Amino acid sequence: MNVVNRGFLGRRDPERVELPPGQYLTRDFPVLQAGPTPSVPLDQWRFTVRAETGAEWAWTWPQLLALPRERPTVDIHCVTRWSKLATTWEGVSLDTLFAEVETVADYALVRSHGGYTTNLPLADLLDGQAWIAFGYDGEELAPAHGGPARLLVPHLYFWKSAKWVSGIDLHHDDEPGFWESLGYHEYGDPWREQRYTDD
Ligand SMILES: Nc1nc2c(c(=O)[nH]1)N[C@H]1C(S)=C(S)[C@@H](COP(=O)(O)O)O[C@H]1N2
Ligand SMILES: [Mo]
């Protein structure tokens, strides 16, 4: 029965998937965050991109929801060593949002409600690699997991996927975010095991 269901759903067998070095598989969805869960009223919600020129682009909640949506299925890898496979999300690709943005900056500093920040190269947010996600597993994204909306950038350690995302600042230079300034790696590629600053 189990085998039939698994085949029917077309799932990969998780036991047979190669994980990044030092990671273990979990079926839970742990909640990890540095502070309390902020509550963000949707009528005040904005996602704001600030370019290096000072120019700004902003989307309200209804404007975000009106954009074309994608449903990525991705593996996620937390630096505390849990990995979760084939997670299913719904959201708007950063490519869609950045189609309107004029910038020649190379780096992004992602901001969240509550003050969390994380940095990454702008290129890692583009080309189908990142989303503003508001759905998880067929439901609205729960506040504990970053709802109403979080960044999803699954090819880097999951600390880069800022929960309760509020915007992105674009810079010519890489500026460390919250964990990056506390000794975590500036880039955070799980396949190269870039956990800490000097890895
Ligand atoms: N705003 C905010 N986003 C955050 C964090 C945080 O503390 N604050 N923690 C990060 C870390 S370390 C991880 S592993 C993931 C955890 O996401 P989850 O709680 O949905 O599993 O969120 C990331 N995004
Ligand atoms: Mo994490």
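If you're wondering where the values come from, they're calculated on a predicted model, not measured in any experiment. Indexing begins at 1, ligand by ligand and atom by atom, following the structure's order.
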Q) Can a non-hydrogen atom of Gly146 be found less than 4.0 Å from any atom of ligand 1? A) no
**Q.** Protein contact to atom 11 (C) of ligand 1 [nearest heavy atom, distance to 0.1 Å]
**A.** Trp159 CA, 3.6 Å
Q) Numbering the atoms of ligand 1 from 1, which are under 4.0 Å from a heavy atom of Cys78? A) 14 (S)
Q. Should one rank His145, His113, Gln33 by closest heavy-atom distance to atom 18 (P) of ligand 1, which comes out on top?
A. His145
Q) Between Arg111 and Asp169, is there a side-chain N and carboxylate O pair less than 4.0 Å apart? A) yes
Q) Strictly by modelled atom types, are Gln23 and Trp82 linked by a side-chain donor-acceptor pair under 3.5 Å? A) no
Q. So which of Val153, Thr80, Leu152 actually passes side-chain contact (heavy atoms from CB on, under 4.5 Å) with Phe158?
A. Leu152
**Q.** Closest protein heavy atom (residue, atom, distance) for atom 13 (C) of ligand 1
**A.** Phe158 O, 3.7 Å
Q: Quick one: which residue pairs count as a ring-ring contact (aromatic ring centres under 6.0 Å, His included) with a foot in residues 136-155, not counting sequence neighbours?
A: Phe29-Tyr136, Phe29-His145, Trp89-Tyr136
Q) Does the side chain of Glu180 come under 3.5 Å of the side chain of Trp159 through a donor N or O and an acceptor N or O? A) yes
Q: Applying salt bridge (Lys or Arg N to Asp or Glu O under 4.0 Å), name anything that partners Lys163, two or more places apart in sequence or on another chain.
A: none
Q: Using a 4.0 Å heavy-atom cut-off, say whether Trp164 meets ligand 1 through its side chain, its backbone, both or neither.
A: side chain
(Q) Please check: side-chain N/O of Asp95 versus main-chain N/O of Gly128, any donor-acceptor pairing under 3.5 Å? (A) yes
Q: Give the residue, atom name and distance (to 0.1 Å) of the protein heavy atom nearest atom 9 (N) of ligand 1.
A: Leu32 O, 3.3 Å
Q: Heavy-atom distances under 4.0 Å are what count here, so tell me which part of Tyr157 touches ligand 1: side chain, backbone, both or neither.
A: neither
(Q) Test your reading of the structure: does Ser161 have an N or O sitting under 3.5 Å from an N or O of ligand 1? (A) yes
Q. When you check the side-chain N and O atoms of Asp124 and Tyr187, is any donor under 3.5 Å from an acceptor?
A. yes
Q: Would you mind listing which atoms of ligand 1 come within a distance below 4.0 Å of any non-hydrogen atom of Trp82?
A: 21 (O)
Q.
Under a 4.0 angstrom heavy-atom cut-off, which atoms of ligand 1 come close to Ala162?
A. 3 (N), 24 (N)
Q) Backbone, side chain, both or neither: what part of Ala34 comes under 4.0 angstrom of ligand 1, heavy atoms only? A) both
**Q.** Atoms in ligand 1 flagged as close to Ser112, the criterion being non-hydrogen separation under 4.0 Å
**A.** 1 (N)
Q | Side chains of Ser83 and His77, donor plus acceptor under 3.5 Å | A | yes
Q. Distance-only, no hydrogens or angles: does the Trp164 side chain make a donor-acceptor pair with backbone N or O of Pro143 under 3.5 Å?
A. yes
Q: Measure the distance from atom 22 (O) of ligand 1 to every protein heavy atom, then report the residue, atom name and distance (to 0.1 Å) of the closest one.
A: Arg150 NH2, 3.2 Å
Q. What residue and atom, counting heavy atoms only, is the protein's closest point to atom 3 (N) of ligand 1, and at what distance?
A. Lys163 N, 2.8 Å
Q: Please could you name the atoms of ligand 1 that Pro30 approaches to less than 4.0 Å, counting only its heavy atoms?
A: 18 (P), 19 (O), 21 (O)
